[in-house]
Amino acid sequence: MNHKILGLLGLIGAPTLGVGMYLESIHHPLASSWLVKTWGLLYISGWLASMEGLRRLEATGSDRFGKTIIRVVLLTLCLANVYNVWEMIDPKSTSILYFIVDMNWPLSNLLMVAVGIAVLRARRLYGWQRWIPLFMGFWLPLAFSLSKLVGLTSSVMLISGAYSALAWSLLAITVLTTRVTEPRASGLSNLFGS
């Protein structure tokens, strides 16, 4: 599967968290339904596809940090999807393993800051696309801060959901439209052709 197909799959899954948050905000009983778990599964699966596309594009670079951070995020996303499936099967589980796999969803969000830094360092994406992983990394702190400052209101859910849909869609579009290139050289290395 090439990165364009992965980007397309990412684009399909990208808005599902935002749509789910919006629907939950206007119809609260949905929050505990199987439908929410399905949105989570689609969202994480789309995110996984986009991240695998970034990995194949070597957007985080070819150094140890770049290669490691993207693999760590892929692992946390796989574990987050284990939680999504487990949540569909046994939503009232009290297992410590259930709690551990659940923690991978927020962890993967926070790790996007490190992915964003790796992408900026690697210089394999250009223009606005270089900033998308970092933009994604700020989603959870913003959503959490808004919910603590204002409360978990419909407006906060709508803003958080829209931010999520936009950021994850832009990542998928980045993966879908990026051509494989070599990293840009900077500074004196341009003068010496290395």
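In the hydrophobic clustering, where aliphatic and aromatic side chains (Ile, Leu, Val, Met, Phe, Trp, Tyr) are joined below 4.5 Å either directly or transitively, F144 stands alone. I96 belongs to a hydrophobic cluster with F99, I100, M103, counting contacts under 4.5 Å between side-chain heavy atoms of Ile, Leu, Val, Met, Phe, Trp and Tyr, direct or through other members.
A donor-acceptor pair is defined here as one N or O able to donate and one able to accept, closer than 3.5 Å; no such pair exists between the side chain of S50 and the backbone of W47.
Shown here for S164 and L17, the closest heavy-atom pair between the two residues is OG-CD2, 3.5 Å. When all heavy atoms are compared, the tightest approach of S95 to W86 is OG-CH2, 3.9 Å. In terms of heavy atoms, S145 sits closest to P141 at OG-O, 2.7 Å. Considering every non-hydrogen atom in both G116 and P133, the closest pair reads CA-CB, 3.7 Å. When all heavy atoms are compared, the tightest approach of G40 to N84 is O-ND2, 3.2 Å. Heavy-atom minimum distance, Y163 versus W139: CD2-CD1, 3.2 Å.
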If you apply the rule side chain to side chain contact (heavy atoms under 4.5 Å, CB included), what do you find for T177 with K4, and how did you get there? CA-CA 7 Å; T177 61; K4 292 187 181 298; 5.8 Å; no
Derivation and outcome, side chain to side chain contact (heavy atoms under 4.5 Å, CB included), residues R124 and R130:
CA-CA 8 Å; R124 300 225 176 183; R130 291 180 67 201; over 6 Å; no
Dump the intermediate steps for side chain to side chain contact (heavy atoms under 4.5 Å, CB included) on Y126 and T178, then the final yes or no. CA-CA 9 Å; Y126 305 105; T178 298; over 6 Å; no
Just do the side chain to side chain contact (heavy atoms under 4.5 Å, CB included) check on L142 and S160 with the steps written out, would you?
-> CA-CA 8 Å; L142 175 74; S160 297; over 6 Å; no
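The line from CG of N109 to CG of N104 is 11.0 Å long, rounded to the nearest 0.5 Å. Taken from CD1 in I69 to OG1 in T60, the straight-line distance is 9.0 Å, to the nearest 0.5 Å. With rounding to the nearest 0.5 Å, the separation of CE in M112 from OG1 in T76 is 9.5 Å. Distance check: L8 CG to I12 CD1 gives 4.5 Å after rounding to the nearest 0.5 Å. One distance of note links CD1 of I44 with CE of M51; it measures 11.0 Å at 0.5 Å rounding. Atom CD1 of I5 sits about 10.0 Å away from atom CG of L176, to the nearest 0.5 Å.
Qualifying side-chain hydrogen bond (donor to acceptor under 3.5 Å, both in side chains) partners for Y43, counting only residues two or more places apart in sequence or in other chains: none. Residues satisfying the salt bridge (charged side-chain N to carboxylate O under 4.0 Å, His left out) criterion with E52, sequence neighbours excluded, are R55, R56. S45 meets the side-chain hydrogen bond (donor to acceptor under 3.5 Å, both in side chains) test with N81; sequence neighbours excluded. Residues meeting the side-chain contact (heavy atoms from CB on, under 4.5 Å) test with L158, sequence neighbours left out: Y22. The side-chain hydrogen bond (donor to acceptor under 3.5 Å, both in side chains) search around S155 returns none, not counting sequence neighbours. Applying the side-chain contact (heavy atoms from CB on, under 4.5 Å) test to L134 and every residue at least two apart in sequence or in another chain returns V113, L120, W131, F138. Every residue meeting the side-chain contact (heavy atoms from CB on, under 4.5 Å) condition with I159, not counting sequence neighbours, appears here in chain and number order: L146.
Screening residues 60-84 for salt bridge (charged side-chain N to carboxylate O under 4.0 Å, His left out), with sequence neighbours left out, gives D63-R121. Judged as a salt bridge (charged side-chain N to carboxylate O under 4.0 Å, His left out), not a single pair has a partner in residues 163-174 (not counting sequence neighbours).
Proximity of T16 to L41: side-chain heavy atoms (C-beta onward) are nowhere separated by under 4.5 Å. Side-chain atoms of P106 and L140, non-hydrogen and from C-beta on, do get closer than 4.5 Å to each other.
Note on V175 and L42: separate hydrophobic clusters, where clusters join Ile, Leu, Val, Met, Phe, Trp and Tyr whose side-chain heavy atoms are under 4.5 Å apart, directly or indirectly.
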Residues 167-174 side chain polar contacts: donor-acceptor under 3.5 Å, at least two apart:
residue: S169; atom: OG; partner: A165; partner atom: O; Å: 2.6
residue: T174; atom: OG1; partner: L170; partner atom: O; Å: 2.8

